[in-house]
Amino acid sequence: MIEKFIKGKVYVFIDASNIYHSFKKLGWKIDFLQLKGYFEKNTDLGKIYFYTAYDPEHLKQRKFLDFLEIIGYIVRTKKVKFIKDLSLEEGGFHKGNLDVELTIDAVDNRDEFQSFVLFSGDSDFEALLKYMRAHRKNCIVISTRDHVSVELLRQAKFIELKKFRREIELK
């Protein structure tokens, strides 16, 4: 299905935090080995990146990130920070945003690919999509209808994540 929207070499950029919230709503998870295989089978995949904040005390998460690297993902991480906010019952919240890192990787590699695939619905990426389009890149956003911003819908071809379920769902 994706091949009809792709041109040339493909680079995939996954905003894990944003996609995580989509899956909570959908009720299923991605098998990341199958996801990579799907792109290898149906496109000329160059690189596939995964961006996430992490908790160094969370062993299961560390093993998952190591697994992604072993199977060929380029994993970018940042340690989760606790932001104090005494107005909240919990005294604050956890935060870890890698939008800048994703943007830098995309811009640094722009001459290496023709199709830019973004797994995110975050409106913060509007400027990046405009930049990619100005450099004649084919832009595709994959997310859920409930978690994609109108700004991204205006800048890229949108594909609903649930259309890939059969090929990439973790069983």
Side-chain angles (χ1 to χ4, degrees), residues 1-54 60-61 63-77 96-99 101-103 105-106 109-110 112-133 136-171:
M1 186 250 316
I2 196 158
E3 57 275 7
K4 61 184 166 186
F5 305 112
I6 296 291
K7 296 176 187 150
K9 181 74 72 183
V10 176
Y11 274 37
V12 177
F13 298 83
I14 301 169
D15 174 5
S17 174
N18 192 275
I19 294 302
Y20 169 77
H21 294 290
S22 294
F23 283 108
K24 283 180 77 172
K25 182 137 181 119
L26 288 174
W28 56 275
K29 295 180 181 178
I30 289 180
D31 179 322
F32 286 93
L33 182 59
Q34 286 185 201
L35 176 67
K36 184 172 181 275
Y38 176 83
F39 276 94
E40 289 171 334
K41 180 181 173 187
N42 295 290
T43 73
D44 182 11
L45 180 63
K47 293 181 181 177
I48 187 165
Y49 289 86
F50 186 88
Y51 300 84
T52 191
Y54 77 101
K60 188 175 176 182
Q61 183 185 32
K63 286 181 178 181
F64 171 69
L65 297 174
D66 289 345
F67 167 74
L68 289 180
E69 288 181 331
I70 289 166
I71 65 170
Y73 282 74
I74 299 166
V75 177
R76 303 280 196 240
T77 61
N97 188 316
L98 283 91
D99 294 358
E101 291 81 353
L102 188 155
T103 299
D105 283 338
N109 286 286
R110 77 157 197 255
E112 306 300 319
F113 60 84
Q114 181 58 40
S115 289
F116 172 77
V117 177
L118 176 65
F119 276 79
S120 183
D122 189 338
S123 65
D124 290 343
F125 291 117
E126 178 185 23
L128 176 59
L129 289 171
K130 285 181 178 179
Y131 175 88
M132 288 298 164
R133 288 182 54 212
R136 302 190 190 295
K137 301 302 174 187
N138 185 42
C139 297
I140 297 155
V141 168
I142 300 174
S143 186
T144 58
R145 184 70 57 197
D146 295 340
H147 284 101
V148 66
S149 68
V150 67
E151 292 87 354
L152 298 191
L153 293 173
R154 290 183 189 136
Q155 299 301 322
K157 167 66 181 159
F158 171 71
I159 302 176
E160 178 74 45
L161 188 55
K162 63 185 174 185
K163 290 185 177 182
F164 296 98
R165 183 174 186 171
R166 198 177 68 207
E167 289 89 0
I168 67 169
E169 181 179 11
L170 181 64
K171 305 277 191 241

Measuring only between side-chain heavy atoms, which start at C-beta, is [X] closer than 4.5 Å to [Y]?
X: I74; Y: D105; result: no
X: F67; Y: L33; result: yes
X: F50; Y: K36; result: no
X: K25; Y: T144; result: no
X: I6; Y: V117; result: yes

Nearest 0.5 Å, what's the [atom1]-[atom2] distance between [X] and [Y]?
X: E101; Y: T52; atom1: CD; atom2: OG1; value: 11.5 Å
X: I71; Y: D66; atom1: CD1; atom2: CG; value: 11.5 Å
X: F39; Y: I48; atom1: CZ; atom2: CD1; value: 6.5 Å
X: D15; Y: L98; atom1: CG; atom2: CG; value: 8.0 Å

Report all side-chain donor-acceptor pairs from residues 158-171 shorter than 3.5 Å, counting only partners two or more places apart or in another chain.
unit_1, atom_1, unit_2, atom_2, d
E160, OE1, R145, N, 3.1
E160, OE2, R145, N, 3.3
R165, NE, E169, OE1, 3.1
R165, NH2, E169, OE2, 3.2

Whether the side chain of [X] engages the backbone of [Y] through a donor-acceptor N/O pair (distance < 3.5 Å, no angle test) should be reported.
X: N18; Y: G121; answer: yes
X: S115; Y: G8; answer: no
X: E3; Y: M1; answer: yes

### Message
Run the salt bridge (charged side-chain N to carboxylate O under 4.0 Å, His left out) test against K9 and tell me which residues pass, sequence neighbours left out.
### Response
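So K9 forms a salt bridge (charged side-chain N to carboxylate O under 4.0 Å, His left out) with D44.
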### Query
Can you list the residues that meet the salt bridge (charged side-chain N to carboxylate O under 4.0 Å, His left out) rule with D99, with sequence neighbours excluded?
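Applying salt bridge (charged side-chain N to carboxylate O under 4.0 Å, His left out) to D99 gives none.
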### Message
So, using ring pair (Phe, Tyr, Trp, His ring centres under 6.0 Å) as the criterion, who are the partners of Y49 when residues are at least two apart?
### Response
F13, Y51
Where do [X] and [Y] come nearest, in terms of heavy atoms and distance?
X: K7; Y: Q114; answer: O-CB, 3.2 Å
X: I2; Y: Y38; answer: N-OH, 3.3 Å
X: S120; Y: I19; answer: N-CD1, 3.9 Å
X: R133; Y: C139; answer: CG-SG, 3.8 Å
X: F116; Y: A106; answer: CE1-CB, 3.7 Å
X: Q61; Y: A53; answer: NE2-O, 3.1 Å

Less than 3.5 Å apart, which donor and acceptor atoms pair up between the side chains of residues 122-130 and the rest of the protein, not counting sequence neighbours?
unit_1, atom_1, unit_2, atom_2, d
D122, OD1, D124, N, 2.8

### Message
Set out, in order, the CA-CA distance, both residues' side-chain angles and the distance that settles side-chain contact (heavy atoms from CB on, under 4.5 Å) for I14 and L35, then state yes or no.
### Response
CA-CA 11 Å; I14 301 169; L35 176 67; 3.8 Å; yes
### Query
Can you name the side chain to side chain donor-acceptor pair (under 3.5 Å) partners of K137, sequence neighbours left out?
none
